[in-house]
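Here's the structure, in structure tokens; my notes come after.
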Amino acid sequence: MSRSAHPAGPRHADVWPEGHYSAPPADVNALDPKVWAQTVTRTDTGEVSVGGIGVAALAEEFGTPAYFVDETDFRARARAWRTAFGHDADVFYAGKAFLSRAIVRWLHEEGLNLDVCSGGELTTALSAGMPADRIAFHGNNKSTEEITQAIEAGVGRIVLDSFQEIVRVAHIAQSLGTRQRVQIRVTVGVEAHTHEFIATAHEDQKFGIALADGQAAEAVRRALTLDGLELIGIHSHIGSQIFDMAGFEVAARRVVALLAAVRDEHGVELPEIDLGGGLGIAYTSDDDPREPHEIAKALGEIVTRECEAAKLRTPRISVEPGRAIVGPTAFTLYEVGTIKPLEGLRTYVSVDGGMSDNIRTALYDAEYSVALVSRTSDAEPMLVRVVGKHCESGDIVVKDAFLPSDLAPGDLIAVPATGAYCRSMASNYNHALRPPVVAVRDGEARVIVRRETEEDLLRLDVG
Ligand code: LLP
């Protein structure tokens, strides 16, 4: 969250207020391909289109707010990960970023596997035809029901997160007369440079079993003695929205060191390692994400080198990107409702959604971009804060951005890079109806998750 430069020259105010914004863009109508999905473009009329369909027609047919996913882009990104990692590695899409049955089918068709972390995600995956053996089941407190459901379905692996869970999964597998393939999630003790709430490999947090004090080695010891478990490998996930490869490299090195220690102690070479997800994407033009082939190369080289040094067979590598696949492929379309210039501060632009469809700004101080998409404008850029319609002042969608100063109620604006952790963390706060997700491809748009209705709300309210 790198933006800091203060622009020169007055716009709404003589003095620019404190903020994170960059200078006004040279062209407020330009769409930076770094933050917009692949097929998003401005047509000759100035309107923005995705998959060949203009936003006005999309708003007319599907309403606002709504998420639009560029299916072509999603498939291309999934394929890029698949290709980058090749046949000696597996890519598990992290369903928590966004999951629906259409997404599961696209993943299946593109040759990806799936990481789920709840019974609900597992049911969604299975109901859309993802073969169970291509599913990994995660979570730091899986219920007995979830573990049973996963084992009965035949998931390819369960990732064990605690000593209790090692025993619990072994016991359930044994009582079902089977042996479950498992990995042990370890915390490698690296500080991932990201928001505290989404960093997961330092010691003081809830996930995994620590390498540092020998706990992870003890977990392996116990797992190897239990009949209900087939220990296939070690798992590490260091955090999310990370740009610096160094953390992944340290994690890879430490995981391989554990494999060597396990071999030395037990004479067993565990055949797999999973290095998790976490790769950052561009939310604004200031972000510079790594490409899948760079990650595949860096991880592959490190693991191979470390294994050669330790005289280990190179294990099969897997990774779990969520955000990096789905994040950049969608935008949220809003209609502008009210516009409130605050003299000396900034202009508040209220849209018809807010923290119920994107909690990330309020939760992580996340930064987003925004553009006027129903038309172009030659008006001067003005500094805006895009806010929602919820009953609290932290209901901010885009903290600081520039929109044309002739912006008017009824204009359509869009926030790019909302494919990950927006619909999946959406809420009914203020009894908002969660927006639909619409897939757009080659001139066709179809709803893949429909908009909630007031009947949906009332159906749950059985008092
Ligand atoms: N694997 C595991 C075990 C994870 O816990 C996660 C994310 C991933 C893979 C996928 O990480 P990704 O590639 O999407 O960064 N709600 C937060 C992100 C929480 C991530 C939780 N775990 C946000 O909106 O930024």
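On a predicted model such as this, the values are computed, not experimentally measured, just so you know. Order of listing sets the numbers, starting from 1, for every ligand and every atom in it.
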Filtering Arg323, His138, Gln241 for the heavy atom nearest atom 25 (O) of ligand 1 leaves Arg323
Under 4.0 Å, heavy-atom basis, I'd like to know which part of Glu320 is in contact with ligand 1: side chain, backbone, both or neither.
both
Arg451, CZ: over 12 other non-hydrogen atoms inside 6.0 angstrom
yes
Find all atoms of ligand 1 within a distance of less than 4.0 Å from any non-hydrogen atom belonging to Arg185, and give their numbers and elements.
3 (C)
Answer side chain, backbone, both or neither: which part of Tyr364 comes under 4.0 Å from ligand 1, heavy atoms only.
side chain
Does Ala94 approach ligand 1 within less than 4.0 angstrom via side chain, backbone, both or neither, non-hydrogen atoms only?
side chain
Can you list the atoms of ligand 1 that are under 4.0 Å from a heavy atom of Met425?
16 (N), 24 (O)
Between Arg179 (side chain only) and Asp227 (backbone N and O only), is there a donor and an acceptor less than 3.5 Å apart?
yes
Report the member of Cys422, Gly278, Pro321, Gly276 with the shortest heavy-atom distance to atom 12 (P) of ligand 1.
Gly278
Between the side chain of Glu306 and the main-chain N/O of Leu312, is any donor-acceptor distance below 3.5 Å?
no
Just jot down the ligand 1 atoms closer than 4.0 angstrom to any heavy atom of Gly322, in number order.
12 (P), 13 (O), 14 (O)
For Asn430 and Cys391, which heavy atoms make the closest approach, and how far apart are they?
OD1-N, 3.1 Å
Considering the heavy atoms of Asp115, write down every atom of ligand 1 situated less than 4.0 Å from one of them.
1 (N), 9 (C)
Kindly say whether Gly354 contributes a backbone atom to a donor-acceptor pair with the side chain of Asp357 at under 3.5 angstrom?
yes
ring-ring contact (aromatic ring centres under 6.0 Å, His included) with Phe74: of Phe98, Phe68, Trp81, Trp106, only one passes, and it is Trp106
Output yes when the distance from some N or O of ligand 1 to some N or O of His235 is under 3.5 Å, and no in every other case.
no
Ring-ring centroid check His138 His235, cutoff 6.0 Å
yes
